[in-house]
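Predicted model, so just to flag it, every value in this text is computed and none were measured.
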Amino acid sequence: QVQLVESGGGLVQAGGSLRLSCAASGRTLSYYAMGWFRQAPGKEREFVAAINRSGVNTYYGDYVKGRFTISRDNAKNTVNLRMNSLKPEDTAVYYCAAKSTWDSGSYYYTEDEYDYWGQGTQVTVSS
């Protein structure tokens with residue numbers, strides 16, 4: 001079992017940047033494919049980005065492609081989400097998620113596929 005804790009959220013002006021981090025404990029993160037999701041007020045949680053176990057393969061939601069970058073450091077047991085050119089519509093609670101898998105090459109982009117979730121970190125982008 002793994003525990004996930006997100007950090008790095010905050011208030012930023014449109015056009016600015018933030019870097020979210022997800023720290024894992026309980027088990028080495030290299031056993032897990034990882035993802036970031038977000039949920040805005042009154043909306044369903046949506047996929048943001050995913051990365052396979054090794055960090056070679058990544059996948060992004062269309063609305064963040066080219067602006068956000070997911071990365072991981074298995075030695076430090078962390079996954080990061082670099083967010084550039086932020087827009088007010090990026091305002092949401094951002095969640096880190098982990099999926100235990102033997103498949104080292106795959107990433108996952110649906111909520112139901114993930115096994116563990118963090119508590120979330122708030123990102124607010126002002127116009």
For the [atom1] atom of [X] and the [atom2] atom of [Y], what is their distance to the nearest 0.5 Å?
X	Y	atom1	atom2	result
Leu20	Thr78	CG	OG1	12.5 Å
Tyr107	Tyr60	OH	OH	11.0 Å
Tyr31	Asn74	OH	CG	11.0 Å
Gln39	Glu46	CD	CD	9.5 Å
Ser100	Glu113	OG	CD	13.0 Å
Thr121	Tyr95	OG1	OH	10.0 Å

Exercise. Output, in order, the C-alpha distance, side-chain angles, deciding distance and verdict of side-chain contact (heavy atoms from CB on, under 4.5 Å) for Tyr108 and Thr101.
Key: CA-CA 10 Å; Tyr108 305 87; Thr101 177; 3.2 Å; yes

Shortest non-hydrogen separation from [X] to [Y] and the atoms involved:
X	Y	value
Pro88	Ser127	CG-CB, 3.9 Å
Val123	Met83	CG2-CE, 3.9 Å
Ser126	Leu11	CB-CD1, 4.3 Å
Leu4	Ala24	CD2-CB, 3.9 Å
Ile70	Ala50	CG2-O, 3.7 Å
Ala49	Leu81	CB-CD1, 4.1 Å

Give a yes or no answer on whether the side chain of [X] reaches the backbone of [Y] with a donor-acceptor pair at less than 3.5 Å.
X	Y	result
Glu6	Cys22	no
Asn77	Leu29	yes
Thr91	Val125	yes
Arg72	Arg53	yes

Quiz prompt | Any side-chain heavy-atom pair of Asn52 and Ser106 under 4.5 Å | solution = no

Quiz item: Taking C-beta and beyond as the side chain, do Ser104 and Ser54 meet within less than 4.5 Å on heavy atoms?
Solution: no

Self-check item: side chain to side chain donor-acceptor pair (under 3.5 Å) between Asn84 and Arg82, worked out
Solution: CA-CA 7 Å; Asn84 295 328; Arg82 177 67 180 181; 3.1 Å; yes

Quiz item: Can you name the one residue among Tyr63, Phe37, Tyr114 that meets ring pair (Phe, Tyr, Trp, His ring centres under 6.0 Å) with Phe47?
Solution: Phe37

Quiz item: Crowded around Lys43 NZ? As in, over 12 foreign heavy atoms under 6.0 Å?
Solution: no

Exercise. Report the relative orientation of the aromatic rings in Tyr94 and Phe68; use parallel for angles under 30°, tilted for 30 to 60°, perpendicular for over 60°.
Key: tilted

Self-check item: Same apolar cluster (I L V M F W Y, side chains within < 4.5 Å links), Met34/Val5
Solution: no

Practice problem: Could you go through the side-chain contact (heavy atoms from CB on, under 4.5 Å) check for Arg27 and Tyr116 one step at a time? | Solution: CA-CA 12 Å; Arg27 197 175 182 214; Tyr116 303 101; over 6 Å; no

Self-check item: Stepwise side-chain contact (heavy atoms from CB on, under 4.5 Å) test for Cys96 and Trp117
Solution: CA-CA 6 Å; Cys96 169; Trp117 294 81; over 6 Å; no

Quiz item: Would you call Lys87 and Asp90 a salt bridge, using N to O less than 4.0 angstrom?
Solution: no

